Every structure is written in structure tokens, then in C-alpha cells.
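Values in this document were obtained by computation on a predicted structure and should not be read as measured data.
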Amino acid sequence: MTPRLTIRQLYQILSKTYRQQGWWPVSITGDRQTGLLDDRGYHAGRYDFPYHDDQKLEIALGAILTQNTNWNNASAALHSLADHGLFSLQRLLDAKIEQIALAIRSAGYYNQKAQTVKNLVQFLNHCSFEKLEGLACQSARDRLLDIRGIGPETADSILLYALKQPSFVIDAYTKRICFGIGIATVSVSYESLQRLFESSLERDLVVFQEYHALLVQHGKHYYSRKPHGKGDEILCPFWTSGKSS
DNA sequence: AACCAGGACGTGA
DNA sequence: TCACGTCATGGT
């Protein structure tokens, strides 16, 4: 049960193994002409890129749409929203749930997610991004968690990537990887694993953003729910499967 | 052709 | 608190 790596060591290895991730992608409202975003909306190191409200909204919508869903399907739903002329706070406020559901069909769980999107925009209508950014990180988090359909991971994703507040995002890959290297149990709670990461790292926005994205990147390769491991031991020097040595 | 994906919520122990 | 069922499309 002795950990093979610390949280800090894992970050060092991941950032050496993979290229800079540049999350969160902003591909609909992204301003590609500036050259700060690539063709899929990922920024190349511009962590301080000042987002407009519609870009923050895109990130928040993406965070909802990708819940338990691969990014391809979520991204298609974002484009579909734009194609249906629903890609703005006001249009989403005016739209019926059924219209939204139809537009985001490709993301799956479209009825639930349409309701969550509605809840989000109604919240944003009386509590703007600007107000939200004026709050302390923990208060803003609580406000987001009050929105039905937005749980801890979605709230933290919005905080970290749209509002640029250092709140560490925990996801299924993060849990599996931490279990794999022996620093957490399989059933570790969201909050406790988050506390572990946040207490092991400097509270740094860039580190938090990159680390989570790197964990997802690494998880996609080696920590799929059904272990399928592409036996590449150079890219993955700290193999998975919690078998004790 | 099953299985999986960048979760959240309601319910009943 | 926790274990489990439900929600659903599209790629492999």
C-alpha cells in the first residue's frame, strides 16, 4: 500500500511525458485569428487569455455537456447549439427546454442536460460571471453547486477554466490513476481527493489547469474503465492495476 | 455488438 | 455515508 509516487512526482512525470494540454478548448466562440488558439480551440500556453462572457459560457456549457460523455459528442452538441442559433445567454433563456434538448442530442442524457443548461443560464441571468468572479473561490463554488445538475466536477471545471480560480478538478480518471499508484482507495470521496491534491501542490492556476488535463490525457491512454492497456512502458513507467507488488 | 465516455441525482438501506 | 439504478448518444 506504499505509494509509488507522490502527487508532485506524478505531475513532473506527466508534464514530461505529454505535451502542454492547453485546456479548456473554446472552439465556437474562440477567436482563432489572434493565433492564441489552435484549430480545435486549445490555447498554447496563454493561461492568462482574457475570456469574454460568451467564451466563459461556452466553457460552462461544455462542462455540462461532457458529463460522463466523450468530448467528441459534447463538442458536436456545442456546434449544434450554434447551428440552431442558441449559442448565447439570451437565446438560451428564451428557448424551450425541448429546443435545447433537440440541439444537444448528440451529447446524450439530453433531457437532463437541457434542464441543467436552463438552470445555469437562469442562474447567470441574475448572477453574472462578473459577480461570480468577485466572490471568494469557495463561495462561488457553493453558488455553482446550488444549480441542479451541476455537481463538484462540473463546478470545479467552470471555476478552474472559465473563471480561472484555482479549484482542483477530480474526475474518474484521476481516481483510477491515484488508485493505481497507491495514493488513494478505489472509493475515495471527491472532496477528500481534492483536498489531497490541493494540499500537496502550490495553489497555482497553471498547475491546476494543466495537471487535470494531463490526468485526463494519461487516463484516456492507460486507465479506461475496462483495462485495455496499450502496453507502452516508456510512456507509462508506472503501470496500472492495483495489484500489490 | 457490447462497451465505454472529462457525472449528477434520487432512492433505500 | 454509501451502493445502486437511471439518464442516452456515438465511436471502437
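Atom CZ of A:R8 has 12 or fewer heavy atoms from other residues, nucleotides or ligands within 6.0 Å. Annotation: A:H52, atom NE2; neighbour count of heavy atoms from other residues, nucleotides and ligands within 6.0 Å does not exceed 12. Heavy atoms of other residues, nucleotides or ligands lying less than 6.0 angstrom from CD of A:E191 number more than 12.
Take the nearest nucleotide of DNA chain C for A:T69 and for A:N72: the residue whose nucleotide is more 5' is A:T69. Where A:G149 and A:P25 each meet DNA chain B at their nearest nucleotide, the meeting point lying more 5' is that of A:P25. Residue whose closest nucleotide on DNA chain B sits further toward the 5' end, between A:S157 and A:L145: A:S157.
The listed nucleotides are B:dA8, C:dT9, C:dA8; the one nearest the side chain of A:Q67 is B:dA8. For A:E153, counting side-chain heavy atoms from C-beta on, the closest listed nucleotide (B:dA5, C:dG10, B:dG7) is B:dG7. With B:dG7, C:dT9, B:dA5 as the choices, the nucleotide that has an atom nearest any side-chain atom of A:N73 turns out to be C:dT9. Comparing B:dA8, C:dA8, C:dG10 by their closest approach to the side chain of A:Y110 singles out C:dA8. Set against B:dG7, C:dG10, B:dG10, the side chain of A:R148 has B:dG10 as its closest nucleotide.
Between the CH2 atom of A:W71 and the C1' atom of C:dT9 there is a distance of 16 Å, rounded to whole Å. Here B:dC9 presents its P atom at 11 Å from CD1 of A:I64, a figure rounded to the nearest Å. Between A:Y222 atom OH and B:dC4 atom P there is a gap of 19 Å when expressed in whole angstrom units. Protein atom NE2 of A:H79 is 16 Å distant from nucleotide atom P of C:dG10, rounded to whole Å. In this entry the distance linking CD1 of A:I170 with C1' of B:dG7 reads 14 Å, nearest Å. The CG atom of A:L144 sits 18 Å away from the P atom of B:dG7 (whole-angstrom rounding). Taking atom CG of A:L81 as the reference point, atom C1' of C:dT9 lies 15 Å away to the nearest angstrom. The distance from atom CG of A:L102 to atom C1' of C:dT9 is 14 Å, rounded to the nearest whole Å.
At a threshold of 4.0 Å, the pair A:K56-A:D53 counts as salt-bridged, since one of the basic side-chain nitrogens sits closer than that to a carboxylate oxygen.
A:I150 comes within contact range of the sugar-phosphate backbone alone, with a heavy-atom separation under 4.0 Å but no base atom that close. A:A213 comes within 4.0 angstrom of nothing in the nucleic acid, heavy atoms only.
Proximity of A:R225 to the phosphate of B:dG7: no side-chain N or O atom is located under 4.0 Å from OP1 or OP2. For B:dA8, one of the phosphate oxygens OP1 or OP2 lies less than 4.0 angstrom from a side-chain nitrogen or oxygen of A:T154. Of the side-chain N and O atoms in A:N68, none sit less than 4.0 angstrom from OP1 or OP2 of B:dC4.
Shown for residues 44-61 of chain A: no residue has heavy atoms falling under 4.0 angstrom of DNA chain C.
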A:Y11 vs A:E210, side chain to side chain contact (heavy atoms under 4.5 Å, CB included): CA-CA, chis, key distance, verdict: CA-CA 9 Å; A:Y11 181 62; A:E210 273 303 302; 3.8 Å; yes
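Ring pair A:Y211/A:F168 is perpendicular by interplanar angle, where above 60° counts as perpendicular and below 30° as parallel. Note: A:Y222 and A:H218 have tilted aromatic rings, judged against thresholds of 30 and 60 degrees for the angle between ring planes. In this pair, A:H212 and A:Y161 present their aromatic rings tilted. The plane angle is within the 30 to 60° band.
C:dG10 and B:dA8 have their P atoms separated by 22 Å, given to the nearest Å.
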